[in-house]
Amino acid sequence: MKLHRILTTSIGSLACGVLVGCSATTKSGKFVTPFVAPAPRLPQSTYAIQEPPKVEPSFYQRESPRLLAQAVQRASEAPEIDYLSRQAETHYSKGSVLMGKGESAAARAEFDKAIETISAAPASLPGRERLAAKYQKMVEDIYRMEVEVAAQSGPTPEPVFDKVPLEEAVDLTFPVEPALKGKVRHQLRATVSQLPLKMADPVLSFINFFQSPRGRDILVSGFYRAGRYAPMIRRILDEEGVPQELIYLAQAESGFLPRAVSYMSATGMWQFIKDRGREYGLNQSQFTDDRLDPEKATRAAARHLRDLYEEFGDWYLAIAAYNCGPLAVDRAVQRTGYADFWELYKRNVLPKETANYVPIILAMTIMAKNPKDYGLENVSADKAMAYDSIKVSANTHLALVADIVNRPLSEIRELNPAVLRMVAPDGYTVHVPKGSGKQVLSALESVPSLRRASWRMHRVNTQETVASIAKQYKITEKSISEANSNTTSEPQAGDLLVIPVGYPGPEAVFTTASYTRYAPARRTTTIRRSTPAPAVKSRTYRKPAATTARPASKAPVSTGARKPAAPAARAATQVRKLAPAPAVKRRPAPANRAGTAPKMAPRHRASLPASGSGKPTLVAVALQR
C-alpha cells in the first residue's frame with residue numbers, strides 16, 4: 001500500500017513536470033522561429049538532355065573580319081581601278097628590277113608603261129582619286145630611283161627643279177554654278193577659321209575648278225604632299241602668331257614642292273625671289289640655297305606675312321602683297337582710295353595673277369575644312385618627315401651621310417633639298433634621319449676633315465672580309481688598313497670602315513679657304529669666223545674692247561668710238577684652245593619663256609654644245625662683226 005502511494009505520487013509529479021515543460025516550450029516558440037522562410041520544395045521534373053551541335057572543321061572559314069569585308073566591298077565597287085592599279089604596279093616592279101640590273105633603257109620603258117596605264121583612266125571613272133595618289137607616289141619613286149642611279153654611276157647631277165602646278169591655271173577664269181552659292185554659304189556658317197573666309201564669285205569659280213578632273217588632280221596631289229610638311233608648318237605658324245590657314249598659301253604657291261621654280265625665278269616651297277629671301281635670312285650661294293629648305297623658308301614666310309599684315313592691317317591685302325609685292329598693293333590703294341581687296345579686284349587695279357591668288361587660297365581653305373562635301377575625306381596624306389639637324393665641321397658629301405646611316409642617297413637628298421651639288425659646305429646644317437644625329441657626328445670624326453667630300457664609308461655585312469671589300473672598291477687592302485688607323489683585325493658585321501676612294505664621277509670639290517669648285521670644263525659654243533684666230537701663247541687673256549657688233553648686212557658706218565676696256569680682274573678668264581676674235585662681242589641669250597636651245601641656236605647662228613647628260617643649254621651667242 002505504501003509502495004503504491006509512492007509510485008502514484010512519482011507518476012503524478014512526472015506528469016505535472018511534463019505538462020509544465022510543454023507549456024514553457026509553447027510560450028517561447030516565437031523566439032526560435034527562423035526569420036527566413038524555408039525554400040519551397042520544387043516539384044520533381046525530368047529534363048531531356050540535348051546533345052551539343054556538330055561544329056564543322058571550317059566553321060570560321062565562312063566568316064571574314066569586318067575590316068576585310070569592307071575592303072572587299074570597296075574593291076568590288078571599283079574593279080576597273082583595281083585592274084589598272086595592278087597593271088601599273090606590274091610594270092613598275094619590272095622596271096625596278098631592270099634598273100637594279102643596270103638596264104636603264106628597258107627600265108624606263110616599263111616605267112613609261114606604268115605611267116601611261118594610270119594616265120589612260122577616264123576622268124569620270126569612280127574612285128579616280130585613288131589612281132591620282134598612286135600616280136603621284138609612283139612618279140616620285142621613279143624620280144628618286146633615277147637620281148640615285150645617276151649619282152652612283154655617273155657625274156654629279158645638276159640641281160633639278162619642279163614646275164609650279166598652278167602656274168597655268170592662275171590666269172584663267174572659270175564659270176560659277178548657281179547651286180554652289182547656297183552650299184558654300186551654309187559651310188561658312190559652320191566653319192571655324194582664323195583667316196576670314198568670304199564667299200565671292202571668284203572663290204566659287206575656283207571651287208568649281210578644283211572639282212573638275214584637272215583641278216582635282218592638282219588639289220589632291222597637294223594634299224598628299226602636305227602630309228610631309230604639315231606638322232612643321234603648323235608649328236611655325238603658331239610660333240609666329242599667324243593664322244593656321246596660311247598653310248594653303250604654300251599649296252597655291254608650289255603644291256608643297258620644295259624645289260618649285262616659277263617663270264619669274266621665284267624659288268622654293270614659299271616662292272621667294274632672291275632679294276626678298278636675303279631680307280629674311282635665306283642665304284644663297286652656288287652650293288646651297290636656303291629658299292629650298294622647307295623649314296627655313298617657312299619661318300621666313302611666316303615672318304614676312306606677319307610684317308605685311310602689320311603694314312596693311314588686312315589679311316587679304318597681306319596675301320596679295322606677298323604675291324606681287326607691297327609696293328604694287330600700296331599703289332593700287334592710293335589710286336582707288338580703297339584699302340579693301342575686293343574693291344581693288346572689282347576695279348581691276350591688281351595684276352591678274354594676284355587678283356586670282358587670294359580666291360585660290362580661300363577656295364582651297366573652304367574645301368579642306370569641309371572634306372566630306374567635296375569627296376576629299378578619303379585622301380591619304382604622306383607620312384610626316386622627321387629628321388635631326390647636325391652642323392658639319394667640314395665640306396661633307398651627302399653620299400657619305402647615306403653610307404653612315406645605311407639609307408638610300410635619294411632619301412638624304414630629299415631631306416636636304418637646299419644642297420645643290422651633293423656637298424654641304426663647312427658650317428652648314430644638314431638634316432639626317434630621326435635618331436641618327438649622334439651616330440653621324442661620331443662616324444664623321446673617323447674621316448679626315450679634308451676627305452669628307454670625297455671618301456666613302458662601308459658598313460660590313462655578314463661574311464665580308466677586308467679582302468672582299470677591297471676587291472669591291474678596286475683598291476688594296478693596305479689602303480683600307482691605313483685609312484682605318486692600321487687596323488689588323490678582321491671587321492665584324494655592322495662595323496663601319498673608311499674607304500679611301502672617291503664617289504663615281506666628278507664631284508664638287510672645295511678648298512678650305514674660298515670654296516673654289518673644281519668641275520669639268522664647261523662646254524663651249526662653236527662660232528664660225530670669217531678669219532682664222534691668232535695663235536694662242538697663253539691660257540689667260542685680257543678681254544678686248546667691246547664694240548656694237550651687228551650683222552654685216554645691217555652694220556652702220558663705224559664712228560670709231562670704242563668703250564674702255566674692262567678691268568683685268570673681270571676680264572681674265574680661262575680658254576681652252578682658241579682665243580676670241582678681237583672684234584666679237586658676247587652677250588647672253590635673250591630671256592624668252594618659249595625659247596629653247598634648239599630654237600635659239602639657228603636664230604643667233606650658234607651651234608649647240610656637245611651631247612651629254614641633261615638638256616643642252618645655250619650658254620652664249622656671238623654675232624659676226
Trace of the side chain to side chain contact (heavy atoms under 4.5 Å, CB included) decision for Thr117 with Thr90
CA-CA 11 Å; Thr117 300; Thr90 301; over 6 Å; no
Start with the C-alpha distance between Gln87 and Lys113, add both sets of side-chain angles, then the distance that settles side chain to side chain contact (heavy atoms under 4.5 Å, CB included), and finish with yes or no.
CA-CA 9 Å; Gln87 291 292 323; Lys113 291 179 182 179; over 6 Å; no
Working for salt bridge (charged side-chain N to carboxylate O under 4.0 Å, His left out), residues Asp238 and Arg235:
CA-CA 5 Å; Asp238 182 66; Arg235 172 179 57 83; over 6 Å; no
Evaluate Ile115 against Ile142 for side chain to side chain contact (heavy atoms under 4.5 Å, CB included), listing each step before the verdict.
CA-CA 10 Å; Ile115 298 301; Ile142 294 173; 4.3 Å; yes
Take Leu398 and Leu409, measure what side chain to side chain contact (heavy atoms under 4.5 Å, CB included) needs, and give me the verdict at the end.
CA-CA 7 Å; Leu398 293 183; Leu409 175 60; 4.2 Å; yes
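Side-chain contact of Gln271 with Tyr322: a donor-acceptor pair under 3.5 Å is absent, judged by distance alone. Using modelled atom types, one finds no donor on one side chain facing an acceptor on the other under 3.5 Å when comparing Asp217 with Tyr135. Residues Glu464 and His458 have side chains that bring a donor and an acceptor to within less than 3.5 angstrom of each other.
In this structure, the side chain of Gln284 engages the main chain of Lys274 through a donor-acceptor pair within 3.5 Å. Not a single donor-acceptor pair under 3.5 Å links the side chain of Glu240 to the backbone N or O of Arg299. Here the side chain of Arg225 pairs a donor or acceptor atom with the backbone of Gly255 at under 3.5 angstrom.
Contact annotation: the side chain of Tyr357 approaches that of Glu253 to within less than 4.5 Å [non-hydrogen atoms, C-beta and beyond]. Residues Pro425 and Val392 are not in side-chain contact: their nearest non-hydrogen atoms beyond the backbone lie 4.5 Å or more apart. Looking only at side-chain heavy atoms (C-beta outward), Pro448 and Trp455 come within less than 4.5 Å of each other. Looking only at side-chain heavy atoms (C-beta outward), His304 and Trp270 stay at 4.5 Å or farther from each other.
A cation-pi arrangement, defined by a distance under 6.0 Å to the six-membered ring centre and an angle within 45 degrees of its axis, is present between Lys296 and Tyr428.
For Gln463, the CD atom sits in a loose shell: 12 or fewer heavy atoms of surrounding residues, nucleotides or ligands are nearer than 6.0 Å. Within a 6.0 Å radius of CD in Gln492, other residues, nucleotides and ligands contribute 12 heavy atoms or fewer.
Closest heavy-atom contact between Leu195 and Glu245: N-OE1, 3.3 Å. Between Val242 and Ala302 the shortest heavy-atom distance is CG1-O, 3.9 Å. The two residues Arg228 and Asp382 make their nearest non-hydrogen contact at NE-OD2, 2.6 Å. Nearest heavy-atom pair, Ile480 versus Val498, reported as atom, atom and distance to 0.1 Å: CG2-O, 4.3 Å.
Relative orientation of the Phe206 and Phe209 rings is perpendicular, given thresholds of 30° and 60° on the angle between their planes.
With respect to Asp403, the salt bridge (Lys or Arg N to Asp or Glu O under 4.0 Å) criterion is satisfied by exactly one of Arg459, Arg456, Arg452: Arg456.
Taken from CG in Asp388 to NZ in Lys438, the straight-line distance is 9.5 Å, to the nearest 0.5 Å.
Salt bridge Glu279/Arg276: present, at least one basic N to carboxylate O contact under 4.0 Å. Comment: Lys94 does not engage Glu110 in a salt bridge, judged by the lack of any side-chain N to carboxylate O separation of less than 4.0 angstrom.
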